[in-house]
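Letters A, B, ... mirror the listed sequences (proteins, then strands); counts begin at 1.
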Amino acid sequence: MPKRHLVTSALPYSNNRLHVGHVAGAYLPADIYVRYLRARGDEVLFICGSDDNGVAIEISALQTAQTPQEVCTFYNQRQKADFAGLGMAFDIYGGTHQPQYVKLHNRMSQEFFRRIHDKGHFVKRRTRQLYDGHHQRFLPDRYVRGTCPLCRDHETYGDQCEKTGAVIDALALIKPRSTLPPYAAPEVRETAHWYLRLNEFERPLREWLESKQGSWRPSVLNFALGQIRQGLPERAMTRDISWGIPVPLDDPDAAGKVLYVWFDAPIGYVSFTAALCVQRGGDEQDYRQWWCDPATPITHFIGEDNTVFHALIWPAMLMAEGQHQLPSAVVANQFVNFRVGGELRKISKSETPQDSPVWIEEYLKHFDPDALRYYLTAIAPETARTAFDTDDFVARNNNELVAALGNFVNRVLTFKSLEGRVPSRSAQTDFDRQHVARGAEAIEKVGRHIEAHRYKAALDEVMAFARLCNEHVGIREPWKTRKDNPPDSFAALATCIHGIHHLAVLVHPFMPGVAQRLRAMLGLPDEPPRWQAPAPLAEGHPLGPPAILIPKLEPGALTAGA
RNA sequence: UGCGGGGUGGAGCAGUUGGUAGCUCGCCGGGCUCAUAACCCGGAGGUCGUAGGUUCGAGUCCUACCCCCGCUACCA
């Protein structure tokens, strides 16, 4: 494995609060991966920040009588705080339109656009589009309502029939109305846009994707290859809105237009990397060490909705632009729904209660971030959608995390005869040594799972070792030999303590807070562990004060205040 | 219509290149008492969505079909 990695998590759109689905999809797995790589001794840059441009923020602002800048900065700050509360180890959390980053980001995005333009990969096309005369703006199809031109019997949005799901032409809507007050009837105007000729990249994209067979998840690969098989359409990379990055062309048709958010958002990964290089006292151009060096793998963690952009459009942009590496891996997770009373629901701003613990901000007011990290990894939507269930959360916390891991640590470290010190292991048995070897094996296996992005399997392996530790004490019964064979009892306990030391390593990528508490209880310095089997602590090594590692939750704890 | 994902014991999930189906939780029975009523041992429970096919042998490959979900948007 290489020594240097660039890891990104999808840029959250800054017009909403974060919920557990976001975290389980694009952030937590990435954080686990990064923590593991660092523990292994590799050099990692972990890049994230908010996606601040685009029509959705512009319209949110319009609806709440704020400026787009106010909207995106407000949510950028809240999201950043949520991530910090969850322990996300980003090296930088930028924002494509935040004051500290916008200048560099705009410049790099415009340069990117220009290079693609100069190489002839865009085509300019004229189209007709609905225009809201009151707001003096073009309306995305989603922001127009009217009578469905197919069924002719109901109101629908301008993009899709709500009854049949069929795609409709917004220009064909009968009696169209803007969805923006005062709901003016839109007029049709002509406009010009620059389209990326994706079809030119079908073959290189297919070859590139096929080279990933066996290492990428089938959901990403098959989806992307399926799209190519159907033929990639041209996609407009410019928009008729004002909140975004001006199109950097002299062409009069470019006046007043901005880059499509999905054009500039992935460039955010690059511009934030450059910003980080500057923050660390280097040069902006140092970002090339991470983006242009084939020995540095780039891994994008995303939610399933971003697959088309990260597996097709962004790679095509990179091919068109020609100066950067393609992603080494695109790790996509499915969505997480919310189960309430046995019923599955989507998590949404309008329907999910504002004080529900599925909102990270709400969760963190009452509970331990690591319990959430545990649960979200246990239900990781790696191959299919899963559900966040508050009762299941409490059950897993109490019956798995607390019972197997927390309780094991507690039953060993509170053992009376220890007197705060690591006892002698001189009477260790073969069984004890074998157990220690199993801990080392677990560290290896978990590492392999994480490298393959199998986080659920990795966590299972961690918990399997915790259970093995319980089994080991159960068989050794140091409480029975305490009086008649103290050396044997002590050796068993020393082995258990060594097991806890292994657990402190194993748990670190998943639950950094738990790992830190374990190290404190073991009397170890407060520094991140190395990903290797720890040497046994010397006899007499002073232990820290034992404490409850993970609190047990009352049934219904998560539903009570939410 | 097209593309993609999923359909495995009560629940949640694993099942890499085909070889009598595993894990966690829950449940039942027993044990232990160091421990956050935690832990350990044993047990019951599945004809792997349906119907065919290939094979000595298929959850695992092929065909058809059914169900759920997403995409098929100028929404991030």
Side-chain angles (χ1 to χ4, degrees), chain A residues 10-16 50-57 59 127 129-130 138-143 157-160 165-168 170 191 193 214 217-230 233 235-241 260-262 265 303-309 334-335 337 344 378-387 389 391-392 395-396 398-400 402-404 406-418 452 454 456-457 459-460 463-464 467 469-480 482 489 492-493 496 546 548-552:
Chain A
L11 307 187
Y13 201 61
S14 51
N15 76 338
N16 203 355
S50 57
D51 177 9
D52 300 326
N53 291 318
V55 68
I57 282 175
I59 288 181
T127 58
Q129 168 131 28
L130 294 175
F138 282 97
L139 292 168
D141 297 347
R142 182 76 229 215
Y143 291 96
Y157 286 104
D159 50 0
Q160 189 174 32
V167 177
I168 60 186
T191 182
H193 285 293
R217 292 182 181 169
S219 58
V220 177
L221 223 40
N222 294 344
F223 170 81
L225 288 168
Q227 295 297 308
I228 292 173
R229 219 176 299 125
Q230 293 188 93
R235 304 267 309 215
M237 292 294 141
T238 54
R239 290 292 124 105
D240 282 301
I241 59 173
Y260 177 37
V261 280
W262 268 112
E304 58 175 322
D305 53 333
N306 288 176
T307 306
V308 70
F309 298 103
Q334 313 303 110
F335 284 167
N337 288 318
L344 278 184
I379 65 161
E382 294 176 354
T383 56
R385 296 197 165 186
T386 59
D389 181 313
D391 292 336
D392 189 42
R396 284 178 181 272
N398 293 354
N399 302 335
E400 297 177 15
V402 171
N407 184 242
F408 169 70
V409 171
N410 191 241
R411 68 193 295 204
V412 170
L413 294 182
T414 57
F415 212 86
K416 287 179 270 307
S417 59
L418 285 181
R454 292 191 296 257
K456 209 190 293 198
L459 185 60
D460 278 348
M463 295 309 289
R467 277 181 228 104
C469 287
N470 274 310
E471 192 185 319
H472 185 262
V473 228
I475 291 168
R476 293 289 273 117
E477 299 181 305
W479 50 90
K480 278 193 176 166
R482 197 168 83 96
S489 176
L493 289 168
C496 290
I548 291 295
L549 186 63
I550 300 127
K552 205 162 171 169

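In this structure, A/Phe408 places its CZ atom 16 Å from C1' of B/U33, rounding to the nearest Å. If you take CZ of A/Phe309 and P of B/C71, they are 12 Å apart, rounded to a whole angstrom. Look at CD1 on A/Ile59: it is 13 Å from C1' on B/A76, rounded to the nearest Å. Between A/Ile550 atom CD1 and B/A35 atom C1' the separation is 14 Å, expressed in whole Å. Taking atom CD1 of A/Ile57 as the reference point, atom P of B/C74 lies 20 Å away to the nearest angstrom. The CZ-C1' distance, from A/Arg235 to B/C74, rounds to 9 Å in whole Å.
Among B/U36, B/C75, B/C32, the nucleotide with an atom closest to any side-chain atom of A/Asn410 is B/U36. Of the candidate nucleotides B/A76, B/C32, B/U36, B/U36 has the atom nearest to the side chain of A/Lys552. The A/Lys480 side chain lies nearest to B/U33 when the options are B/C74, B/G70, B/U33.
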_Candidate pair A/Ser219 and A/Gln334, rule side chain to side chain contact (heavy atoms under 4.5 Å, CB included), full reasoning_ = CA-CA 9 Å; A/Ser219 58; A/Gln334 313 303 110; 3.9 Å; yes
*Please assess A/Phe408 against A/His472 for the test side chain to side chain contact (heavy atoms under 4.5 Å, CB included), listing each intermediate value before the final yes or no.*
CA-CA 10 Å; A/Phe408 169 70; A/His472 185 262; over 6 Å; no
Atom pairs under 3.5 Å, N or O on each side, protein against nucleotides 2-8 of chain B: can you list them with distances?
{"from": "B/G2", "atom 1": "O2'", "to": "A/Gln230", "atom 2": "OE1", "distance (Å)": "2.5"}
{"from": "B/C3", "atom 1": "O4'", "to": "A/Gln230", "atom 2": "NE2", "distance (Å)": "3.0"}
{"from": "B/G4", "atom 1": "OP1", "to": "A/Arg229", "atom 2": "NH1", "distance (Å)": "3.4"}
{"from": "B/G5", "atom 1": "OP1", "to": "A/Asn222", "atom 2": "ND2", "distance (Å)": "2.5"}
{"from": "B/G5", "atom 1": "O2'", "to": "A/Thr383", "atom 2": "O", "distance (Å)": "2.9"}

Are there any protein N/O atoms within less than 3.5 Å of an N/O atom in nucleotides 39-42 of chain B, and if so, which ones and at what distance?
{"from": "B/C39", "atom 1": "O2'", "to": "A/Arg411", "atom 2": "NH1", "distance (Å)": "2.8"}

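For the P atoms, the distance from B/G2 to B/C61 is 22 Å, rounded to whole Å. Of the C1' atoms belonging to B/C40 and B/C32, the separation is 7 Å, rounded to the nearest Å.
Scored by the ring-ring contact (aromatic ring centres under 6.0 Å, His included) test, A/Tyr13 finds no partners at all (sequence neighbours excluded). In this view, A/Glu382 satisfies the side-chain hydrogen bond (donor to acceptor under 3.5 Å, both in side chains) rule with no residue, not counting sequence neighbours. Every residue two or more places apart in sequence or in another chain was checked for a side-chain hydrogen bond (donor to acceptor under 3.5 Å, both in side chains) with A/Gln230, and none qualifies.
For the OP1/OP2 pair of B/C75 and a distance below 4.0 Å, the side-chain nitrogens and oxygens of A/Tyr260 include at least one atom meeting the criterion.
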*What would the secondary structure line of RNA chain B be in dot-bracket form, counting Watson-Crick and G-U wobble pairs under 3.5 Å, with [ ] for pairs that cross earlier ones and | for pairs with another strand?*
.((((((..((((........)))).(((((.......))))).....(((((.......))))))))))).....
